[in-house]
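Below is one structure, written out as structure tokens; comments come after it.
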Amino acid sequence: MDHTDPELAQSSAGVSAYRLLSPGLSAVGLRTHQARYDNLGESTFPRPAEEFIVAGRFAPWDREAQLSGADYFGDVMATALSVIDHESVSDADRVELPPPLSVSIALDEAVVRRRSVRRYTGDPVSLAEIGTLLRFAAGVTGEADAELMRGGGATFRFRAVPSGGGLYPVEVHLAALDVPELDVGTYRYSPVEDALVRTGDRAVVDRLRDSFAIPGEIISIDSAAAVVLLIARPWRSMRKYGPRGMRFVLHECGGISQNVHLTATGFGLGTTDCSSYVDDHANEALGLDGVLSFLAHTIFVGWPG
């Protein structure tokens, strides 16, 4: 006895009549990520993300990797690492930061309270609060002296974020949208100088804004006070570690981002990660070539709305 619901059977037949089951990629022009997933057994289309994983593997017999790393333990590279990001900044472009604020919240409470906040009130965020965010993101937190083999010494500076080999391939920049003490523009945080360096004006910020492609305007860009920009220079790390160095770039971005979020939570600020930007447009706005230097990540900052 057939107990099949006639209407259900008819609906199933109708759906099966047009439903595609794992279409071959060669048969379609628009290849969604889901279609690529359904065709993982095919070898006819590029898989750059997975190729990156394979290229970054380390093998114990890889003499090239071992020699490349050993080069960094001599006096020349030790001296170079001791002066990394130590630069002279012109007074015209330099912005001094106010003393850091104390964050009166326990780490465990900040971790529990942290949430992504995408809507903001439009109220300004002070430079003291922004400066503290940047210091806790990637500021210098300690120093140590080391003796060189040829004699003399070098001073190494440690930062709030861990970095593979102490190479710090990620720079922290800021797009100031509504920070009363700053002109609207872009700035680079100099951790050694503990200062901001102006890099762009309002026009750069406007072009950067236009590069965001946020679906449904789920992030209120116009009411955010600032955007933290993480700019990667991967060959700082890859010169020593090869393709594996790109992993360390991504590790560092994650560490910086989490430091920003936890510090902001301590102040009652709202933050959210955002990678919804058109890379070519954003890199062009910031004057980056997109390969040797590129915008790796952004974090919106504002008062929760």
Exercise. Would you say the side-chain atoms of Ser220 pair up with the backbone N or O of Ser223, donor to acceptor, closer than 3.5 Å?
Worked result: no

With the side chain counted from C-beta on, respond yes when [X] and [Y] share a heavy-atom pair under 4.5 Å apart, and no when they do not.
X	Y	result
Arg233	Phe294	no
Glu181	Val179	yes
Leu182	Leu174	yes
Arg135	Thr263	no

Exercise. Please walk me through it: do Thr199 and Thr186 pass side-chain hydrogen bond (donor to acceptor under 3.5 Å, both in side chains)?
Worked result: CA-CA 5 Å; Thr199 58; Thr186 55; 2.9 Å; yes

Is it true that [X] and [Y] have a side-chain N and a carboxylate O under 4.0 angstrom from each other?
X	Y	answer
Arg236	Asp85	yes
Asp93	Arg198	no
Arg57	Asp62	no

For this session: Would you please name every residue forming a salt bridge (Lys or Arg N to Asp or Glu O under 4.0 Å) with Arg207, sequence neighbours left out?
Result: Glu284

Can you list, pair by pair, the side-chain donor-acceptor contacts under 3.5 Å of residues 265-274, counting residues two or more places apart and other chains?
unit_1 : atom_1 : unit_2 : atom_2 : d
Thr265 : OG1    : His261 : O      : 2.8
Thr271 : OG1    : His261 : ND1    : 2.7
Asp273 : OD1    : Ser257 : OG     : 2.6
Asp273 : OD1    : His261 : NE2    : 3.0
Asp273 : OD1    : His297 : NE2    : 2.8
Asp273 : OD2    : His261 : NE2    : 3.1

Problem set entry | Residue pair His281 / Ser211: nearest heavy atoms and the distance that separates them | CB-CB, 3.8 Å

Extract all donor-acceptor atom pairs below 3.5 Å that involve side chains of residues 121-132 and protein atoms in other chains or at least two apart in sequence.
unit_1 : atom_1 : unit_2 : atom_2 : d
Thr121 : OG1    : Asp123 : N      : 3.2
Thr121 : OG1    : Asp123 : OD2    : 2.9
Ser126 : OG     : Glu129 : N      : 3.2
Ser126 : OG     : Glu129 : OE1    : 3.0
Glu129 : OE1    : Ser126 : N      : 3.0
Thr132 : OG1    : Leu101 : N      : 2.9
Thr132 : OG1    : Ala128 : O      : 2.8

Exercise. Linking Ile, Leu, Val, Met, Phe, Trp and Tyr through side-chain heavy atoms less than 4.5 Å apart, which residues share a cluster with Leu67?
Worked result: none

Exercise. Hey, what else clusters with Leu295 if you join Ile, Leu, Val, Met, Phe, Trp, Tyr whenever side-chain heavy atoms sit under 4.5 Å?
Worked result: Val117, Tyr120, Leu177, Val184, Val204, Val205, Leu208, Phe212, Ile214, Ile218, Ile219, Ile221, Val227, Leu229, Ile231, Tyr277, Leu286, Leu288, Phe300

Exercise. To the nearest 0.5 Å, what is the distance between CZ (Phe158) and OG1 (Thr141)?
Worked result: 8.5 Å

For this session: To the nearest 0.5 angstrom, please state how far the OH atom of Tyr72 sits from the CG atom of Leu81.
Result: 7.5 Å

Exercise. What pairs meet the ring pair (Phe, Tyr, Trp, His ring centres under 6.0 Å) rule with one or both residues in residues 219-240, with sequence neighbours excluded?
Worked result: none

Exercise. Just wondering, are more than 12 heavy atoms of other shown residues or ligands nearer than 6.0 Å to CD in Gln66?
Worked result: yes

Problem set entry | Neighbour count above 12 (heavy atom, 6.0 Å) for Glu64 CD | no

